[in-house]
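First listed ligand is number 1; within each ligand, the first listed atom is number 1.
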Amino acid sequence: MLVDTYGRVATDLRVSLTDRCNLRCTYCMPEEGLQWLAKPDLLTDEEIVRLIRIAVTDLGITEVRFTGGEPLLRPGLAAIVARCAALEPRPTLSLTTNGIGLERTAQALREAGLDRVNVSLDTLRPEVFHTLTRRRRHGDVLRGLAAASAAGLTPVKVNAVLMPGLNDDEAPELLAWAMEHGYELRFIEQMPLDAQHGWQRDGMITAGDILAGLRTRFALTAEGGEERGSAPAERWLVDGGPHRVGVIASVTRPFCGACDRTRLTADGQIRTCLFAREETDLRGALRSGASDAEIAERWKRAMWGKKAGSGLDDPSFLQPDRPMSAIGG
Ligand code: SAM
Ligand code: SF4
């Protein structure tokens, strides 16, 4: 198992399939000038499947989420999903995507064995979408969402980040829309993972702001009570249920004590945390002929060294060198 010195066990693997993307969300990527990973440095489909197999069969991983960059840009995605769905024990397979291209691919991904999708959509206003993502693709995302639902990739979750002065007034509107379409909406606090290193704590929209905004229109009750052990409530019943809304407060209410994640970048590096500044190279091991047991051992050693927390509140906090698009959110 992937255990760390604080007794946490990682069972959830996030796999970044590419650092490239067809959007340029301001909180993630710069408009231009970001250096892509070099093709030979990227793991091949074969290498990705091998690492996921080791994680699932030898290291106790039960959930695999594909992400990026934009994972739908990876040509071999459906085949990778199918090979992961054939593993024993079969992991739960999900995808985080911006939804562009999902209209074409949702059914095939479902047939390959994908269980669920999270689609990122921050606004219902096409003009605001253009400002936030620097691309005019709002309609593609809405069609991708509908296709995901129709293909049974459910529950379809929608991830939204609120940015000051752009879409920070949209929380109630987004929730009403999500409930109407049967999507489960989750707000994610903006984290310091933008390529431009422009994040400012003072300016960010906090979970408190989001909840206050939602409460102007809906009654929210914390699922499982206000406090769930060390982690504050993340899911809220809307107007008594059955609809729910999530608020993921990685900055203002961190839940590192309950973290069960391990991450693999598109170039084969293990990261123990989104905010880690060290990585462990598995690509080198793969390409120098290491056995499955040696790779598993290296992965375990990496996770054993996982830090207690993100360090965001530490005055010496330094943003990781890689932006979110190259880590895999
Ligand atoms: N391209 C896909 C997408 O947008 O869903 C997958 C990768 S993206 C990095 C994964 C998630 O991270 C998205 O929901 C996105 O909104 C979120 N994200 C990116 N940068 C972020 C930041 N600085 N703070 C919080 N969430 C961020
Ligand atoms: Fe691309 Fe996703 Fe980053 Fe937006 S958040 S730029 S869609 S990787």
Novice: Backbone or side chain, does any N or O of Thr67 fall under 3.5 Å from an N or O of ligand 1?
Specialist: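 By distance alone, the answer is no.
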Novice: In this structure, does ligand 1 have an atom that sits under 4.0 Å from one of the heavy atoms of Cys25?
Specialist: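 Flag not set, Cys25 not near ligand 1.
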Novice: Considering only non-hydrogen protein atoms, determine which one is nearest to atom 5 (O) of ligand 1 and report residue, atom name and distance to 0.1 Å.
Specialist: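 Here the nearest protein heavy atom works out to Ser120 OG, 2.6 Å.
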Novice: Which atoms of ligand 1 have any heavy atom of Glu189 under 4.0 Å away?
Specialist: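 Within the 4.0 Å cut-off of Glu189, ligand 1 contributes 24 (N), 25 (C).
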Novice: At what distance is the nearest protein heavy atom to atom 18 (N) of ligand 1, and which residue and atom is it?
Specialist: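 Checked against all protein heavy atoms, atom 18 (N) of ligand 1 sits closest to Met324 CE, 3.7 Å.
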Novice: Do the side chain of Gln269 and the main chain of Glu279 share a donor and acceptor less than 3.5 angstrom apart?
Specialist: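 The answer is no, because no donor-acceptor pair under 3.5 Å joins these two groups.
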Novice: Between ligand 1 and Asn159, is the shortest N or O to N or O distance under 3.5 Å?
Specialist: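 So ligand 1 has an N or O lying under 3.5 Å from an N or O of Asn159.
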Novice: Using heavy atoms and a 4.0 Å limit, tell me yes or no: is Ser325 in contact with ligand 1?
Specialist: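 False for this residue.
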Novice: Taking 2.8 Å as the upper limit, name the protein N, O or S atoms near atom 1 (Fe) of ligand 2.
Specialist: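 Cys21 SG, with waters left out.
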Novice: By number and element, which atoms of ligand 1 are closer than 4.0 Å to a non-hydrogen atom of Asn98?
Specialist: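 It comes down to these atoms of ligand 1: 2 (C), 3 (C), 5 (O).
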Novice: Are any of the N/O atoms in Gln190 less than 3.5 Å from those in ligand 1?
Specialist: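 By distance alone, the answer is no.
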Novice: Going by heavy-atom distance to atom 7 (C) of ligand 1, choose the closest among Ser250, Ala160, Gly99, Gly68.
Specialist: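 Of the listed residues, Gly68 has the closest heavy atom.
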Novice: Nearest to atom 21 (C) of ligand 1, what protein heavy atom do you find, and at what distance?
Specialist: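 The closest one turns out to be Tyr27 CD1, 3.6 Å.
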Novice: Tell me the nearest of Ile327, Leu17, Thr96, Ile100 to atom 10 (C) of ligand 1, using heavy-atom distances.
Specialist: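 Comparing heavy atoms across Ile327, Leu17, Thr96, Ile100, the nearest one to atom 10 (C) of ligand 1 lies in Thr96.
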Novice: Ligand 1 versus Val161, non-hydrogen atoms closer than 4.0 Å: side chain, backbone, both, neither?
Specialist: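 Side chain only.
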Novice: When you look for heavy atoms under 4.0 Å from ligand 1, do you find them on the side chain of Thr97, its backbone, both, or neither?
Specialist: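 For Thr97, the contact with ligand 1 is made by the backbone alone.
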Novice: Are the charged groups of Arg53 and Asp58 less than 4.0 angstrom apart, N to O?
Specialist: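 Between Asp58 and Arg53 there is no salt bridge, as every charged N stays at least 4.0 Å from the carboxylate O atoms.
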Novice: Going by heavy-atom distance to atom 22 (C) of ligand 1, choose the closest among Arg65, Met191, Met29.
Specialist: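 Nearest heavy atom to atom 22 (C) of ligand 1 lies in Met191.
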Novice: Are Tyr183 and Trp177, when compared by the centres of their aromatic rings, separated by less than 6.0 Å?
Specialist: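 Yes - the distance between ring centres of Tyr183 and Trp177 falls below the 6.0 Å cut-off.
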Novice: May I ask you to say whether Asp12 pairs ionically with Arg65, meaning some side-chain N is under 4.0 Å from a carboxylate O?
Specialist: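 No.
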Novice: Is a donor on one side and an acceptor on the other found under 3.5 Å between the side chain of Gln196 and the backbone of Gly198?
Specialist: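 Here the side-chain-to-backbone pair does not exist.
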Novice: For the residue pair Ser16 and Phe66, establish whether any side-chain heavy-atom pair is separated by less than 4.5 Å.
Specialist: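 No, their side chains stay 4.5 Å or more apart.
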Novice: Just so I know, are the side chains of Pro192 and Phe275 near enough to count as touching, which here means a heavy-atom distance under 4.5 Å?
Specialist: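 When only atoms from C-beta onward are counted, Phe275 and Pro192 do touch, with a gap below 4.5 Å.
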Novice: Just grab all the ring pair (Phe, Tyr, Trp, His ring centres under 6.0 Å) pairs involving residues 102-154, residues at least two apart or on different chains.
Specialist: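 Pairs touching residues 102-154 that pass the test: Phe129-His138.
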Novice: Only counting residues at least two apart or in another chain, list the ones meeting side chain to side chain contact (heavy atoms under 4.5 Å, CB included) with Ala176.
Specialist: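 Residues passing side chain to side chain contact (heavy atoms under 4.5 Å, CB included) with Ala176: Arg217, Phe218.
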Novice: Given 3.5 Å as the limit, does a donor-acceptor pair link the side chain of Trp304 with the main chain of Val3, or not?
Specialist: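 No; zero donor-acceptor contacts below 3.5 Å.
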Novice: Within the distance-only criterion (no hydrogens, no angle test), does the side chain of Glu184 pair as donor or acceptor with the backbone N or O of Val156 below 3.5 angstrom?
Specialist: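 The answer is no, because no donor-acceptor pair under 3.5 Å joins these two groups.
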Novice: For atom 1 (N) of ligand 1, which protein heavy atom lies nearest, and how many Å away is it?
Specialist: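 Closest protein heavy atom to atom 1 (N) of ligand 1: Gly69 O, 3.0 Å.
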Novice: With clusters built from Ile, Leu, Val, Met, Phe, Trp and Tyr whose side-chain heavy atoms come within less than 4.5 Å, directly or transitively, what are the remaining members of the cluster of Leu73, listed by chain and number?
Specialist: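 When side chains under 4.5 Å apart are linked, Leu73 ends up in no cluster with other residues.
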Novice: Do NZ/NE/NH1/NH2 and the carboxylate oxygens of Arg287 and Glu47 come within less than 4.0 Å?
Specialist: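 Salt bridge present between Arg287 and Glu47.
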Novice: Is it true that a side-chain atom of Asn167 and a backbone atom of Asp122 form a donor plus acceptor pair closer than 3.5 Å?
Specialist: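 Yes.
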Novice: Who's closest to atom 2 (C) of ligand 1 heavy-atom-wise, of Arg14, Glu70, Arg20, Met163?
Specialist: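 Selected option, by shortest heavy-atom distance: Glu70.
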